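Per chain, numbering begins at 1; letters A, B, ... match sequence-line order. The model shown is predicted, which means the values in this text are computed figures rather than measured ones.
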Amino acid sequence: MAKKLQSIRGIHDGLPVEVSKWRKIEDVARKVFATHAVSEVRLPILEPTELFVRSVGEETDIVSKEMYAFEDQGGDNICLRPEGTAGAVRAYLQAGLTRAGAQRWFYMGPMFRRERPQKGRLRQFQQIGVEWFAVNGPVGDAEMLGMAQGFLDELGIEKVRLEINSLGCAACRPAYRETLVAYLHARAESLCATCNDRIEKNPMRVLDCKNESCQAQLTDAPEMVAHVCGDCETHFSGLKSGLDALGVRYEVNPRIVRGLDYYNRTAFEFVTDQLGAQGTVLAGGRYDGLVESLGGPATTAVGFAAGMERLAMLMPDDDKQGVDVVVVALGDGALPYSLQVASQLRATGIAVLHAGGGAAKKQFKFADREGALFVAVLGDNEVQQGVVALKNLATGEQQVCAIEQVASLLRVVKV
RNA sequence: GUGGACGUAGCUCAAUUGGUAGAGCCCCGGCUUGUGAUGCCGGUGGUUGUGGGUUCAAGUCCCAUCGUCCACCCCA
């Protein structure tokens with residue numbers, strides 16, 4: 001088959017319209033996170049496969065069927081990271097930071113999962129993640145959620161709501177799980193096929209089934225929040241009062257779950273109905289046991305990840321306005337001067353394109369097409385007087401001015 | 001991995017019960033060479049995703065394959 005050369009399924013190019021949004025998201029993230037003294041880390045995209053098997057969970061879909069994993073030329077089992085938390089914990093341990101006090105990290109970069117693509121779901125996608133190590137207590141959770149809310153606010157993303165839940169801990173979850181599984185087994189016949197699978201694999205996920213006939217069977221199902229131990233209860237109520245104090249609006253959704261094994265206690269999701277079936281924009285929770293299970297000392301941790309492409313879909317297309325001035329040279333005699341003018345204008349920090357000379361009409365069309373704010377018209381008259389004829393393309397006004405004045409005239413229009 | 005919809009020009013889409021592949025936009029050139037959005041004239045551009053099959057004849061029907069979209073699963 002004569003195959004067209006194209007990108008891999010579900011792996012898309014970042015063209016200028018997308019990248020300008022991504023950059024805005026990144027800029028806002030850096031700015032907001034900095035106010036919480038969160039530092040950027042840059043972690044490997046390739047990791048040992050074992051890392052995710054041990055942290056995310058061997059039975060999860062992500063590890064069991066969605067990882068791009070392979071053996072390299074040296075026989076090592078490596079993979080493209082499907083998520084960021086495991087690598088962050090690995091790096092935290094490898095750098096020997098377990099006695100260095102709290103670490104507050106963020107990262108952004110591509111993740112890979114071999115899923116069937118659909119709206120808001122890609123095989124290579126970008127996440128902005130935040131991980132706080134050795135930050136314990138509900139105040140940490142509340143502050144992280146306050147930061148996340150501030151991040152979304154700053155991006156102008158409004159149509160999201162925050163849902164929180166408690167997943168319990170090693171002390172109380174096993175007992176709850178047993179009562180839940182017993183409850184589910186009792187009515188397994190009236191639950192859908194996928195829910196029957198979930199009873200063993202991830203029983204809490206059954207409560208979150210989208211199938212209405214399942215939901216009808218589960219109205220009185222036992223929920224984790226009613227079965228948490230005293231410590232978890234204290235933590236959860238501390239989180240709620242912290243959110244109240246911060247003015248972060250939330251609702252308790254006793255049925256949200258984390259898909260990854262390492263979470264405990266706090267789970268949260270910022271969700272929207274604007275993204276089809278992919279409602280989760282930013283999600284995370286506490287994972288106090290993970291550092292220890294990867295070989296470190298018992299260390300509390302809390303984090304979240306946000307999908308960059310999903311965030312971008314919630315943002316308006318910003319009209320590109322890249323070009324400040326297009327330099328038009330009328331006649332070959334003006335060409336050298338026009339190049340010098342373009343260069344001098346650029347030295348003042350503004351975006352300048354040279355229209356290339358030739359017919360005036362053609363050059364103006366070029367300026368118009370580039371979305372330029374101004375045209376600097378340079379012909380024999382301007383060359384002789386050492387000035388520019390500056391035309392505002394929006395108003396049609398044209399005035400003669402010195403090269404040094406252009407930047408300030410531009411500033412007036414831009415504001 | 002499962003299910004559904006869809007692949008025609010760079011883009012958005014037409015094409016009767018199978019009967020010569022078109023339009024708009026974009027692009028390029030021109031409308032006497034110091035002034036651009038909307039004008040007029042002309043032009044480039046397609047092995048109809050790909051590969052088979054049925055037929056005198058396939059964009060149209062059948063099969064396969066690749067891809068896109070949507071949903072399930074799962075998740076950011």
Side-chain angles (χ1 to χ4, degrees), chain A residues 1-12 25 56 59-66 82-85 108-130 148 192-195 197-198 201-202 205 208-211 256-260 269-272 275-284 303-314 326 328-334 355 357-383 389-398:
Chain A
M1 194 182 78
K3 254 198 291 195
K4 264 185 252 172
L5 205 50
Q6 57 185 353
S7 69
I8 295 165
R9 178 176 211 183
I11 299 186
H12 294 181
I25 294 168
V56 176
E59 298 301 314
T60 60
D61 282 9
I62 288 177
V63 169
S64 65
K65 54 188 194 191
E66 294 174 3
E83 60 100 44
T85 300
M108 24 188 135
M111 307 293 167
F112 304 83
R113 293 179 200 171
R114 198 182 183 289
E115 300 182 275
R116 193 83 171 264
Q118 65 182 79
K119 188 181 183 72
R121 201 175 68 183
L122 299 166
R123 288 185 171 181
Q124 175 176 340
F125 59 102
Q126 300 177 87
Q127 280 189 340
I128 297 183
V130 175
C192 69
T194 47
C195 274
D197 287 342
R198 291 196 271 237
K201 276 178 65 181
N202 188 0
R205 179 68 179 75
D208 203 28
C209 183
K210 286 176 185 167
N211 194 325
I256 61 170
V257 197
R258 302 285 74 218
L260 282 47
E269 291 183 1
F270 285 88
V271 295
T272 178
L275 255 44
Q278 265 60 49
T280 305
V281 167
L282 185 155
F304 69 75
M308 186 112 80
E309 289 84 355
R310 290 185 186 178
L311 291 172
M313 282 192 283
L314 297 174
V326 163
V328 166
L330 300 173
D332 289 347
K361 182 164 251 173
K362 182 181 174 185
Q363 296 188 73
F364 271 84
K365 281 189 172 176
F366 171 81
D368 189 50
R369 181 174 183 152
E370 289 290 340
L373 268 31
F374 286 98
V375 167
V377 190
L378 305 173
D380 293 341
N381 296 341
E382 288 75 19
V383 172
L390 194 66
K391 178 167 185 175
N392 182 324
L393 283 181
T395 66
E397 292 167 14
Q398 185 167 318

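Residue-level contact check: A:N381 touches the bases, meaning some heavy atom is under 4.0 Å from a base atom. The residue A:A359 sits apart from the nucleic acid: no heavy atom pair falls under 4.0 Å. Using a 4.0 Å heavy-atom cutoff across all strands shown, A:A394 reaches at least one base atom of the nucleic acid. Note on A:G358: nothing from the nucleic acid sits closer than 4.0 angstrom, heavy atoms only. Counting any heavy atom pair closer than 4.0 Å across all strands shown, A:A305 reaches sugar-phosphate atoms only and no base atom. At the heavy-atom level, A:G10 lies under 4.0 Å from the strands shown only through sugar-phosphate atoms. Within the nucleic acid shown, A:K391 comes within 4.0 Å of at least one base atom, counting heavy atoms only. Using a 4.0 Å heavy-atom criterion, one finds that A:G331 contacts no nucleic acid atom at all. Residue A:V328 is out of contact with every strand shown, counting any heavy-atom pair closer than 4.0 Å. Residue contacts shown for A:L378 are absent, as no nucleic acid heavy atom lies under 4.0 Å away.
The partner of B:G19, taking Watson-Crick or G-U wobble pairs whose two distances both stay under 3.5 Å, is B:C56. With a 3.5 Å ceiling on both atom-pair distances, the Watson-Crick or G-U wobble partner of B:A5 is B:U68. Remark: B:G51 base-pairs with B:C63. Criterion, Watson-Crick or G-U wobble with two distances under 3.5 Å. Under the Watson-Crick or G-U wobble criterion, with both distances below 3.5 Å, B:C27 is paired with B:G43.
Remark: the backbone N or O of A:E397 is paired with a side-chain donor or acceptor of A:T395 at under 3.5 angstrom.
Judged by ring centres under 5.5 Å apart and planes tilted less than 30 degrees, A:F125 stacks against the six-membered base ring of B:A76.
Look at CZ on A:F366: it is 18 Å from C1' on B:G34, rounded to the nearest Å. In this structure, A:I256 places its CD1 atom 14 Å from C1' of B:A76, rounding to the nearest Å. Atom CD in A:Q127 sits about 7 Å away from atom P in B:A76, given to the nearest Å. We find that NZ of A:K362 is positioned 15 Å from P of B:A37, with the value rounded to whole Å.
Of the candidates B:A37, B:C70, B:G1, B:C70 carries the atom nearest the A:K119 side chain, counting heavy atoms from C-beta on. Listed nucleotides: B:C74, B:U68, B:C66. Nearest to the side chain of A:E66: B:C74. Picking from B:A76, B:C73, B:G36 the nucleotide with the shortest atom distance to the side chain of A:F364 gives B:G36. Taking the side chain of A:K365 as heavy atoms from C-beta on, and the options B:G36, B:C73, B:A76, the nearest nucleotide is B:G36. Proximity note for A:V377 (side chain, C-beta onward) versus B:U35, B:C73, B:A76: the nearest is B:U35. Side-chain proximity of A:L393 to the nucleotides B:G36, B:A76, B:C73 is greatest for B:G36. In the set B:A76, B:C27, B:C75, the nucleotide with an atom closest to the side chain of A:R205 is B:C75. Of the candidate nucleotides B:A76, B:U35, B:C70, B:C70 has the atom lying nearest to any side-chain atom of A:Q118. Checking B:C70, B:C27, B:C74 against every side-chain atom of A:R121, the shortest atom distance belongs to B:C74.
Ranked by how close their nearest RNA chain B nucleotide is to the 5' end, A:C209 and A:T280 are led by A:C209. Judged by closest nucleotide on RNA chain B, A:I11 is the one of A:I11 and A:L275 placed further toward the 5' end.
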Any N/O pairs under 3.5 Å between the protein and nucleotides 2-6 of chain B? List them or say none.
unit_1 : atom_1 : unit_2 : atom_2 : d
B:U2   : O4     : A:R116 : NH1    : 2.5

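The pair A:D197-A:R205 does not count as a salt bridge, with every side-chain nitrogen at least 4.0 angstrom from each carboxylate oxygen. Salt bridge status for A:R258 with A:E269: present, with a side-chain N to carboxylate O gap under 4.0 Å.
Scanning atom types as modelled, one donor and one acceptor separated by under 3.5 angstrom connect the side chain of A:Q398 and the base of B:U35. A donor N or O paired with an acceptor N or O is found under 3.5 Å between the base of B:C75 and the side-chain atoms of A:R310. If you check distances only, the side chain of A:E382 does reach the base of B:G34 with a donor-acceptor pair under 3.5 Å.
At B:C75, none of the side-chain N or O atoms of A:Q278 fall inside 4.0 Å of OP1 or OP2 (strictly under the cut-off).
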